[in-house]
Amino acid sequence: MTERKTAARVVVAGAVYGGGRLLAARRSAPPELAGRWELPGGKVEPGEREEDALVRELREELGIETVPVARVPGAWPLPRGHELRVWTVRLVSGEPRPLQDHDALRWVTASEAAPDGQGPAPDPVDWLEADRPAVRAVLALLGPA
Ligand code: DCP
C-alpha cells in the first residue's frame, strides 16, 4: 500500500496595500482569537487555487475586488496542521468593510505594522502569532513605505 502524507491545509491571507499602508483586520471570532489582528483571508477549499481562494475570501469578508500580485516567500505554521501563506494583493474596487469574521479594520504604516516595534509606534498592531513573521516578510518584500 502506498503511504501518502496528507499535505498541510492551506490558509491564504492577503497583504492589501496602498498609499504606503497595509490593511489589518481585527478578528471577532472565535473567542480565543477575537480582538487580535490578522492579514485577512481564509482556508483554501479542496481543489481550489490559492489565488482564487484569496480573492473569494476578501470578497466575502471585506466586500472588495482584488488581484493577487505575488506570493510572499515563506509559510507559517498554524494550529491543527494548517499553514499560512500570504500574497500581496492589489485592491481593484470597493472600500473594505468588516462584513464577517472581523469587527474593525485599520490601514497601518510600516512602523505600526512592524511586529517587533522598529522605531516609535504609538499604536502597534497586536497581530495573531502566525501573522507576526508573515507581516515581517511582507514588509521585507514591500520595502520601506
Ligand atoms: N489565521 C491566522 N492568520 C491569518 C488568517 C487566518 O492565524 N492571517 C488562522 C485563524 C484560524 C485559521 O487560520 O485559526 C482559519 O482562518 P479563518 O477562520 O479565517 O478561515 P475560514 O474563514 O476559511 O474558516 P471557516 O471556513 O472555518 O470559517
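In listed order, ligands and their atoms are each counted from 1. One-based numbering along the sequence shown.
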Write down the atom of [X], the atom of [Y], and the distance for their closest heavy-atom approach.
| X | Y | answer |
| --- | --- | --- |
| Ala130 | Leu78 | CB-CD2, 3.4 Å |
| Glu38 | Gly41 | OE2-N, 4.5 Å |
| Ala13 | Leu39 | CB-O, 3.4 Å |
| Pro73 | Ala137 | O-CB, 4.1 Å |

Which residue in the set Asp126, Asp103, Asp131 passes salt bridge (Lys or Arg N to Asp or Glu O under 4.0 Å) when paired with Arg26?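 Testing Arg26 for a salt bridge (Lys or Arg N to Asp or Glu O under 4.0 Å) against Asp126, Asp103, Asp131 leaves exactly one candidate, Asp103.
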Atom CD of Glu48 and atom NZ of Lys43: how far apart are they, to the nearest 0.5 Å?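 Going from the CD atom of Glu48 to the NZ atom of Lys43 covers 12.5 Å.
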Closest to atom 27 (O) of ligand 1 (judged by heavy-atom distance), picking from Lys43, Arg36, Arg27: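 Nearest option to atom 27 (O) of ligand 1, by heavy atoms: Lys43.
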Using heavy-atom distances only, which candidate in Leu33, Leu39, Val86, Val135 approaches atom 14 (O) of ligand 1 most closely?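 Selected option, by shortest heavy-atom distance: Leu33.
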Which heavy atom of the protein is the closest neighbour of [atom], given with residue, atom name and distance?
| atom | value |
| --- | --- |
| atom 12 (C) of ligand 1 | Val11 CG2, 4.2 Å |
| atom 7 (O) of ligand 1 | Leu78 CD2, 3.2 Å |
| atom 5 (C) of ligand 1 | Glu38 OE1, 3.2 Å |
| atom 22 (O) of ligand 1 | Asp101 OD2, 3.6 Å |
| atom 3 (N) of ligand 1 | Asp131 OD1, 2.6 Å |

Side chain Arg36, main chain Trp127, donor-acceptor under 3.5 Å: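 Answer holds: yes.
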For Glu57, state whether at least one heavy atom is located under 4.0 Å from any atom of ligand 1.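 Per 4.0 Å heavy-atom rule, Glu57 contacts ligand 1.
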Using heavy atoms and a 4.0 Å limit, tell me yes or no: is Pro79 in contact with ligand 1?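 The answer is no, since Pro79 has no heavy atom less than 4.0 Å from ligand 1.
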For ligand 1, which atoms have a heavy atom of Ala13 less than 4.0 angstrom away?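 Listed by number with element, the hits are 8 (N).
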Taking only heavy atoms of Gly41, which atoms of ligand 1 are found under 4.0 Å from at least one of them?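 In order of numbering, the contacting atoms are 19 (O).
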Do the charged groups of Arg56 and Glu51 touch, with an N to O distance under 4.0 Å?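 Salt bridge flag = no for Glu51 with Arg56.
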